[in-house]
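First comes the structure, then the notes that go with it.
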Amino acid sequence: MIRFTNTLSRQVEEFKPEGDTVTMYVCGVTPYDASHIGHAMSYVVFDNVKRYLMWKGFAVKHVQNFTDIDDRIIERANRLKMTTDELVEKYINMYCDDMRDLNIIPPDVYPYATREVPEMIEIISGLIEKGYAYEAPSHLSEWSDVYYRVSAKKDYGKLSHRTQDSLMAGARVESGEEKETPADFALWKGAKKDEPSWDSPWGKGRPGWHIECSAMSLKYLGERIDIHGGGEDLIFPHHENEIAQTEAYSGAVPFVRYWLHNAWVKMGDEKMSKSLGNFITIRDGLNKVGGDGLRLWVMTSHYRKPLSFSEATLEAAKNGADRLRTAARTPSEPGDGGIDLNTFRERFAAAMDDDLNTPQALAVLFDLAKEINRCRDEGKGVAGAQAFLLEIAGVLGLKLEEGGAAIEAAPFVDLLVQIRTELRAAKQFALSDRIRDGLAGLSITLEDGPQGTTWKQD
RNA sequence: GGCGACGUAGCCAAGUGGUAAGGCAGGGGUCUGCAAAACCCCCAUCACCGGUUCGAAUCCGGUCGUCGCCUCCA
């Protein structure tokens, strides 16, 4: 029985999808800059959700958007003297490269906000008809804005557990806006001079931030979806507003059955974020510790707890991944070594069932790795156990592959290793150590075992 | 001010009533020509105070400290 913490109820609930296929929507990025490892955390977490559901036999349909138009994109593009399309393309490509190297399974659909504008206009029009939204003049544009009328939906605030009164106090009104009340939010923004814009019943303009997710989830997944994921910082206002819009428009309640949110990455005591400038990019992280290392780093902490970043925690994750790789990939004879794999399978599943407890799941992998190593040391065949380790590591998105970049040089390395073996047989240790040290300087590590010498690239 | 989270060994981090998983680092062994890898052993009473209980890291009350959201944010 799989259980998830549902932000809506604040309870751990048994997961039961509504139909045969689990429908899952995850909030994507706004591609105006390189993604940092905080983003990596979120996408690794939801990739694990998806992989685990698939391992348990569920079919999963996963949709993730690109917010390819918003204030930051327009501002950045203007500054760099690029079009918004050029800017967006550059960072989407970078994002996709990052995801590939993190071994993230791509979503079934990757919709772009700018390609779904007619659908959004239809929803906004529907909301106006039903009295949930209103057109208002803008002082920043010759065209109108459209706002969602928060007071029209009684349960507004149910996700973030806030009352409408408390929201009024903190709400902000930009100069130039003509909202009925401060908590109302934009569905449509009238175009300012020289901004990208689309035609609409309210003149030229562009969609507000929240409406795209409503339009895309409705279009690709239907009125009611099983899982909606994202970072904890999206709970308010983004997801709160998304619920309000979507439920008001479709009438299907609840719009989302399980709301899952991951916590943030902290640098020291602070949240990693672009505005604080205290981030490192996914690419930097990948270069330092590789895809497995980064994923394992994310998984050492439960997804709903803040994840501590430091060079030391990242390095520890890399060393842990190396340990698993050695256990899984050191050649061995067929057999399970007498290890009770079913017990490990059950422990792994129990940990993952329990609100995706990856720290405990990892503990199972490390325990299994230790058993494999011990049995192999005793001369037992453990290839079957290794295959199982690779299987459950794969559920966590870990590949545990040997580095392959030196493949072209392999014949030369093999030759040196062979010569060194002969030198060692002749007790020419000074020379043989020179070969080992020299190769170490080229990131090739030699290991002398009972069956001869093996090597690997770091 | 409103809502919420957290404080477990040198570092990271599970565990939410029955006497502390796992990883990294460190120490001691085995193996090795020496290493490396691997294996074995060692390394915490859970911020503090009070309470409930046969029994609490785990429940209740309080104190101190840290952080997040409420504005763009994974």
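Quick note: numbers below take in every heavy atom, side chains included, and nothing from hydrogens, waters or symmetry partners. Every chain is numbered from 1, with letters handed out A, B, ... down the list of sequences.
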Side chain of [X], base of [N]: donor and acceptor closer than 3.5 Å?
X        : N     : value
A/Arg436 : B/A36 : no
A/Arg376 : B/C39 : no
A/Asp448 : B/C34 : yes

Checklist outcome for this item: Hits for salt bridge (Lys or Arg N to Asp or Glu O under 4.0 Å) against A/Arg149, two or more places apart or cross-chain, chain-then-number order -> A/Glu180
Heavy atoms only, 4.0 Å cut-off, all strands: where does [X] land among base, sugar-phosphate and nothing?
X        : answer
A/Phe429 : base
A/Gly38  : base
A/Leu446 : base
A/Val265 : base
A/Leu234 : sugar-phosphate

Please list, for nucleotides 2-6 of chain B, all pairs of protein and nucleotide N/O atoms separated by less than 3.5 Å.
{"residue": "B/C3", "atom": "O2'", "partner": "A/Arg10", "partner atom": "NH2", "Å": "3.2"}
{"residue": "B/G4", "atom": "OP1", "partner": "A/Arg10", "partner atom": "NH1", "Å": "3.1"}

Considering every strand shown, what is the Watson-Crick or G-U wobble mate of [N] when both distances are under 3.5 Å?
N     : value
B/A21 : none
B/G1  : B/C70
B/U58 : none
B/U53 : none
B/G7  : B/C64
B/C39 : B/G29

Checklist entry - Is there side-chain contact between A/Lys288 and A/Leu314, with at least one heavy-atom pair below 4.5 Å? => result yes
It should be established whether [X] places a side-chain nitrogen or oxygen under 4.0 Å from OP1 or OP2 of nucleotide [N].
X        : N     : value
A/Ser301 : B/A14 : yes
A/Lys271 : B/C69 : yes
A/Arg323 : B/A37 : no
A/Asn373 : B/A37 : no
A/Ser308 : B/A13 : yes
A/Asn319 : B/A25 : yes

Checklist entry - Taking the six-membered ring of A/Tyr32, is the NZ or CZ of A/Lys274 close enough (under 6.0 Å from the centre) and on axis enough (within 45°)? => result yes
Item to check | NZ or CZ of A/Arg3 within 45° of A/Phe15 ring axis and under 6.0 Å | outcome: no
Item to check | Separation between the C1' atoms of B/C12 and B/C69, rounded to whole Å | outcome: 25 Å
Next on the checklist: When you measure from the side chain of A/Glu447 to the backbone of A/Thr453, do you find a donor-acceptor pair of N or O atoms at a distance under 3.5 Å?
Outcome noted: no
Item to check | Test applied, ring-ring contact (aromatic ring centres under 6.0 Å, His included); reference residue, A/His238; option that passes from A/His261, A/His228, A/His210 | outcome: A/His210
Checklist entry - Which nucleotide in the set B/G22, B/A74, B/A37 lies at the smallest distance from any side-chain heavy atom of A/His39? => result B/A74
Item to check | First of A/Gly28 and A/Lys370 reached from the 5' end of RNA chain B, by closest nucleotide | outcome: A/Lys370
Checklist entry - Quick one: are the ring centres of A/Phe66 and A/Tyr110 less than 6.0 Å apart? => result yes
Item to check | Close aromatic pair by centroid cut-off 6.0 Å: A/Tyr25 and A/Trp259 | outcome: no
Next on the checklist: Strictly below 4.0 Å, N to O, side chains only: are A/Arg162 and A/Glu240 in salt-bridge contact?
Outcome noted: no
Checklist entry - Once you round it to whole Å, what is the distance between C1' of B/C24 and CH2 of A/Trp297? => result 15 Å
